[in-house]
J.: 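Pasting a structure below so you can have a look.
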Amino acid sequence: MYFSIKERTLGIFYNFTIYLAQFVLRVLSLFNAKIKLGVRGRKETFQKLKNTIQKNDKTLWFHCASLGEYEQGLPVFRVLKSQYPTHKIVLTFFSPSGYEIRKNTDIADIVVYLPLDSKHNAKHFLNMVNPELTIFVKYDIWPNYLKEVKKRNLKAILISALFRKDQSFFKFYGKGMREALFAFEHIFTQDNSSKELLESIHYNSVTISGDTRFDRVYNQLKIDNTLDFVNTFKQNNLCVVAGSTWPEDENLLIDFINNHQNDNVKFIIAPHNIKSNQISKLKNSLNKKTILFSEKDSNDLSQYHVLIIDTIGLLSKIYSYANIAYVGGAIGNTGLHNTLEPAVFGVPIIIGNHYEKFPEAKSMIKNQGMFSISDKKTLNLTLQELLSNSEKRTKSGALNLEYIKKNKGAVIQIIDFLRK
């Protein structure tokens, strides 16, 4: 009885915090441009749905927290789009960093922000969409939406799920969150530990399919990755590509570039944040001849040693030109960015030392295709060794490509399940 009362109290508290969050976000939106985008976008969601979805339309609903989850789900989304050509696809995001970049994607008929997880919003959303199939990606679990999905006996699955034992699903007070998980007809996990955690709460409809990102990045090899401006810039030189970097990453790279004496090595830096003031600061800190992507049309790129990419959407192709890749986010606390994108091109990868929550990084380090550094000294030693040792460079890169090949195939398992 005690736990039942406590769980009901927690449920009431959760619903209260959703309404409180709505108020707080409105206030914060006055001071934060990113939050403002989300607040404004959520206000428009129901009108957009009303304008796009008719009463007799059949629909599929794909939900992603942000851009990373979208990229993770994309290979599954593409297959389902081809298999359900008469259905309208509703794609929802929670974060502006996903919605604003992919709001015009051709994978969906309508892309909207997911309204906050109130009971009223959940009912209103599902009344309008009434999806034949719902797919959530990785971990963005919203109890009121999912409980309403279950109440209506709608088909839903979770893909590329990754769980940790410290999450509320597995705590004595987590009944409400556990109920949300049981709304899924099936959960596809990335690893065995996630499966075991689900089974510990008696959720048994689980398959270890792996991470759909492996399929996503492997498909990159099937398209044309040619970029004429990179060909002009690189010429026949070795090229180090630093992708999704933050200032703490760039501080280490700047030191290496400024002190590197070999002019036969080119550097491409694609910062995560492309605000003009930060790009200017980065450019001005380099004593090598440096040019921005936005300046390329009026200059001879072959004469420069450093190219800074001050735009988005090109990094996955730029990695195909790398002889060595550095992936940002793990020196600080922002979170390691996608290391599978360079790995598929068979190049060695360098990252920072905060990668505990990234199983693919742990695996590639163990396989000796990836190298973790913690400061300027270890970065300098690692980069210099890879630049000077072509055999190690080639072997390490090949191990990364083999790792991708070994782990792809999640999409086939998911689609096979949905065909049953």
Side-chain angles (χ1 to χ4, degrees), residues 15 18-19 21-26 28-30 32-74 76-137 140-157 159 183 312-313 418:
N15 288 315
I18 292 296
Y19 286 106
Q22 187 168 339
F23 172 75
V24 171
L25 288 171
R26 285 175 181 171
L28 293 176
S29 70
L30 300 174
N32 184 292
K34 184 175 180 180
I35 293 175
K36 186 176 182 179
L37 287 171
V39 170
R40 183 188 299 162
R42 271 177 261 278
K43 284 183 179 179
E44 300 171 350
T45 293
F46 290 122
Q47 187 60 49
K48 287 182 177 179
L49 290 172
K50 183 178 179 181
N51 293 342
T52 307
I53 299 176
Q54 308 305 314
K55 185 177 180 180
N56 295 323
D57 285 340
K58 294 181 178 180
T59 65
L60 306 179
W61 174 26
F62 304 151
H63 175 66
C64 309
S66 191
L67 183 61
E69 289 72 36
Y70 168 83
E71 298 294 341
Q72 209 158 21
L74 188 58
V76 175
F77 301 162
R78 289 208 180 281
V79 175
L80 291 175
K81 182 178 175 66
S82 67
Q83 291 187 350
Y84 293 84
T86 62
H87 286 58
K88 286 186 176 177
I89 294 176
V90 179
L91 172 63
T92 58
F93 285 100
F94 185 78
S95 168
S97 59
Y99 174 84
E100 297 300 329
I101 294 175
R102 291 292 179 255
K103 59 186 175 184
N104 296 315
T105 177
D106 63 356
I107 204 66
D109 296 278
I110 178 170
V111 183
V112 291
Y113 282 96
L114 184 68
L116 293 180
D117 187 37
S118 69
K119 290 183 177 180
H120 170 78
N121 284 342
K123 291 177 181 178
H124 192 25
F125 181 89
L126 289 169
N127 283 341
M128 299 183 79
V129 177
N130 191 31
E132 188 172 314
L133 170 65
T134 295
I135 297 182
F136 275 41
V137 182
D140 209 34
I141 309 300
W142 296 108
N144 286 321
Y145 278 100
L146 289 167
K147 288 176 186 178
E148 193 64 28
V149 163
K150 185 175 180 62
K151 188 185 296 184
R152 299 178 186 220
N153 293 316
L154 298 173
K155 185 181 182 72
I157 64 169
I159 65 172
I312 60 174
L418 292 174

J.: Hey, is NZ on K81 packed in by over 12 heavy atoms from elsewhere, all under 6.0 Å?
T.: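 Result for NZ/K81: enclosed.
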J.: In Å, rounded to the nearest 0.5 Å, how long is the span from CG of N51 to CD of Q54?
T.: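 Rounded to the nearest 0.5 Å, the CG-CD separation comes to 9.0 Å.
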J.: Search all heavy atoms of S66 against all heavy atoms of G98 and return the closest pair with its distance.
T.: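 Looking at all heavy atoms of both residues, the closest pair is OG-N, 3.6 Å.
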J.: Do you know which two heavy atoms are closest between I157 and I159, and how far apart they sit?
T.: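 I157 and I159 have their closest heavy atoms at CD1-CG2, 3.8 Å.
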J.: Please list, chain by chain and in numerical order, all residues satisfying side chain to side chain contact (heavy atoms under 4.5 Å, CB included) with K50, sequence neighbours excluded.
T.: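 By the side chain to side chain contact (heavy atoms under 4.5 Å, CB included) rule, K50 matches Q47, M128.
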J.: Is the number of heavy atoms from other residues, nucleotides or ligands under 6.0 Å of K151 NZ greater than 12?
T.: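 No, not enclosed.
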J.: Less than 4.5 Å apart, side chain to side chain, heavy atoms only: is that true for P131 and L126?
T.: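 In short, these two side chains touch, coming nearer than 4.5 Å.
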J.: Regarding T134 and Y145, is there a side-chain donor-to-acceptor distance under 3.5 Å anywhere?
T.: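 Checked: T134/Y145 side chains show no N/O donor-acceptor pair below 3.5 Å.
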J.: Using 4.0 Å as the upper bound for N to carboxylate O, is an ion pair formed by E44 and R40?
T.: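 Salt bridge flag = no for E44 with R40.
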J.: Less than 3.5 Å apart, which donor and acceptor atoms pair up between the side chains of residues 85-93 and the rest of the protein, not counting sequence neighbours?
T.:
unit_1 : atom_1 : unit_2 : atom_2 : d
H87    : NE2    : E132   : OE1    : 2.9
K88    : NZ     : T52    : O      : 2.6
K88    : NZ     : D57    : OD2    : 2.9
T92    : OG1    : W61    : NE1    : 2.9
T92    : OG1    : H63    : ND1    : 2.7

J.: Report, as yes or no, whether the 6.0 Å neighbourhood of atom NZ on K36 holds more than 12 heavy atoms from other residues, nucleotides or ligands.
T.: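 No.
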J.: Roughly how far, to the nearest 0.5 Å, is OH of Y70 from CD1 of I101?
T.: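 Answer rounded to 0.5 Å: 11.0 Å.
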J.: Within the 4.5 Å heavy-atom criterion, are R152 and K123 side-chain neighbours or not?
T.: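 Yes, close enough: below the 4.5 Å cut-off.
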J.: Please round to the nearest 0.5 Å and tell me the distance separating atom CG of N130 and atom CD1 of I53.
T.: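 One finds 9.5 Å between CG of N130 and CD1 of I53.
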J.: For the side chain of S95 and the backbone of A65, is there at least one donor-acceptor N/O pair under 3.5 Å apart?
T.: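 Checking the backbone N and O of A65 against the side chain of S95, no donor-acceptor pair under 3.5 Å is found.
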J.: According to the salt bridge (Lys or Arg N to Asp or Glu O under 4.0 Å) rule, which pairs have a member within residues 96-110, sequence neighbours left out?
T.: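 Those involving residues 96-110 are E71-R102, R78-D106, E100-K103.
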J.: Just verifying a value: how many Å separate C64 SG and I135 CD1, rounded to the nearest 0.5 Å?
T.: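 Atom-to-atom, C64:SG and I135:CD1 are 9.5 Å apart.
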J.: Atom CG in L37, atom CZ in R42: separation rounded to 0.5 Å?
T.: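 L37 CG to R42 CZ: 10.5 Å, rounded to 0.5 Å.
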J.: Within a strict 4.5 Å, meaning less than it, do heavy atoms of the F77 and L60 side chains meet?
T.: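 No, too far: nothing below the 4.5 Å cut-off.
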J.: Provide the closest heavy-atom pair for S118 versus I18 in the form atom of the first, atom of the second, distance.
T.: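 So the minimum-distance heavy-atom pair works out to N-CG2, 3.8 Å.
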J.: So which atom in G38 and which in P96 form the shortest heavy-atom distance, rounded to 0.1 Å?
T.: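 So the two residues come closest at N-CG, 3.9 Å.
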J.: Does V112 reach the side chain of F46, with side-chain heavy atoms less than 4.5 Å apart?
T.: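 They are not in side-chain contact.
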J.: I need the minimum non-hydrogen distance between R26 and S29, along with the two atoms involved.
T.: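 Answer, listing the atom of R26 first, then S29: O-OG, 2.6 Å.
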J.: So, N144 versus W142: side-chain donor-acceptor pair below 3.5 Å or not?
T.: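 No, because no side-chain N or O of N144 sits under 3.5 Å from a partner of the opposite role on W142.
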J.: Over all heavy atoms of both residues, which pair between L146 and A183 is shortest? Give the atoms and the distance, please.
T.: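 For L146 and A183, the tightest heavy-atom pair comes out as O-CB, 3.1 Å.
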J.: How far apart are the C-alpha atoms of T45 and N121, what are their side-chain angles, what is the distance that settles it, and do they pass the side chain to side chain contact (heavy atoms under 4.5 Å, CB included) test?
T.: CA-CA 10 Å; T45 293; N121 284 342; over 6 Å; no
J.: May I ask you to test the V76-F62 pair for a side-chain heavy-atom distance under 4.5 Å?
T.: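 Result no, sub-4.5 Å side-chain heavy-atom pair not found.
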J.: To the nearest 0.5 Å, tell me how far L114 CG sits from D140 CG.
T.: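 The CG atom of D140 is 7.5 Å from CG of L114, to the nearest 0.5 Å.
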J.: Does the side chain of T59 come within less than 4.5 Å of Y84's, by heavy atoms?
T.: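 No, side chains not in contact.
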